[in-house]
Amino acid sequence: VQLQASGGGLVQAGGSLRLSCAASGVPISSLTMGWFRRAPGKEREFVSAVSWSGRTSFADPAKGRFTISRDNAKNTMYLQMNSLKPEDTALYYCTAITSTGSLATAQALKGRGYDHWGQGTLVTVSS
């Protein structure tokens, strides 16, 4: 699986961005996919995930502001980010896990066990 993230940029606080993650090599309908981010000087953290069956999960900072979705026809996953804050500034990575087992899926929805990573796309939120 190859993953290509895009859509990052500079936005003012309160604004919106939509990140895209295009996958190749495997249909995303068979993948659980997620987003992570790494802010300057901080460790990478889980943001959101969507399972192969359509279940979604969000880390607390993303709840109520971010939406994750998938377009199987385009083999692309999206992260719609609204009401952006300066603390959302980070390098955002898309990731995937190829296992469709129930345990692996449950772990992936908690941000664990991913085995394929794309390059990051930078999101900068100005105050």
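Counting begins at 1 with the first residue of the sequence.
- Smallest separation of non-hydrogen atoms from T121 and A5: CG2-CB, 4.2 Å.
- Screening residues 95-121 for salt bridge (Lys or Arg N to Asp or Glu O under 4.0 Å), with sequence neighbours left out, gives no hits.
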Notebook entry, point to check: Can you list the steps and then say if R55 with V50 is a side-chain contact (heavy atoms from CB on, under 4.5 Å)?
Noted result: CA-CA 5 Å; R55 294 168 58 194; V50 55; over 6 Å; no
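- Checking side-chain atoms of D71 against main-chain N and O of T76 turns up no donor-acceptor pair under 3.5 Å.
- Remark: S53 engages S51 in a side-chain hydrogen bond (donor to acceptor under 3.5 Å, both in side chains) (not counting sequence neighbours).
- Residue pairs meeting the disulfide (SG to SG under 2.5 Å) criterion with at least one partner in residues 38-89, sequence neighbours excluded, do not occur; the list is empty.
- For residues 63-90, there are no ring pair (Phe, Tyr, Trp, His ring centres under 6.0 Å) pairs, not counting sequence neighbours.
- At a threshold of 4.5 Å between non-hydrogen side-chain atoms, the residues Y93 and R38 count as touching.
- Using modelled atom types, one side-chain atom of S57 and one backbone atom of L109 make a donor-acceptor pair closer than 3.5 Å.
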Pairs under 3.5 angstrom only: tabulate donor-acceptor contacts from the side chains of residues 14-21 to other protein residues two or more places apart or in another chain.
residue : atom : partner : partner atom : Å
S16     : OG   : N82     : OD1          : 2.9

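- For Q2, the CD atom counts as loosely surrounded, since its 6.0 Å shell holds 12 or fewer non-hydrogen atoms of other residues, nucleotides or ligands.
- Summarising the geometry, atom CZ belonging to R70 is positioned 10.0 Å from atom CG belonging to N75; distances are rounded to the nearest 0.5 Å.
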Listing, residues 84-92 side-chain donor-acceptor contacts under 3.5 Å, not counting sequence neighbours, or none:
residue : atom : partner : partner atom : Å
D88     : OD1  : R37     : NH1          : 2.9
D88     : OD1  : R65     : NH2          : 2.9
D88     : OD2  : R65     : NH1          : 2.7
D88     : OD2  : R65     : NH2          : 3.4
D88     : OD2  : K85     : N            : 2.8
T89     : OG1  : P86     : O            : 2.9
T89     : OG1  : V125    : N            : 2.9
T89     : OG1  : V125    : O            : 3.4
Y92     : OH   : R37     : NH1          : 2.9
Y92     : OH   : D88     : O            : 2.7

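- Closest heavy-atom contact between M77 and I28: N-CD1, 4.4 Å.
- Remark: K42 pairs with no residue by the salt bridge (Lys or Arg N to Asp or Glu O under 4.0 Å) rule, at least two apart or across chains.
- Under the side-chain contact (heavy atoms from CB on, under 4.5 Å) criterion, S30 pairs with V26, P27, sequence neighbours left out.
- Put simply, CE on M33 and OG1 on T56 are 14.5 Å apart, with the number rounded to the nearest 0.5 Å.
- The ring pair (Phe, Tyr, Trp, His ring centres under 6.0 Å) contacts involving residues 2-37 comprise F36-F46, F36-Y114, F36-W117, where partners must be two or more places apart or lie in separate chains.
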Scan the side chains in residues 94-105 for donor-acceptor partners under 3.5 Å anywhere in the protein, sequence neighbours excluded, and list what turns up.
residue : atom : partner : partner atom : Å
T95     : OG1  : H116    : O            : 2.7
S99     : OG   : G101    : N            : 3.2
T105    : OG1  : W52     : NE1          : 3.2
T105    : OG1  : G101    : O            : 2.8

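- Each ring pair (Phe, Tyr, Trp, His ring centres under 6.0 Å) pair with one or both residues in residues 5-24, not counting sequence neighbours, would appear here, but there are none.
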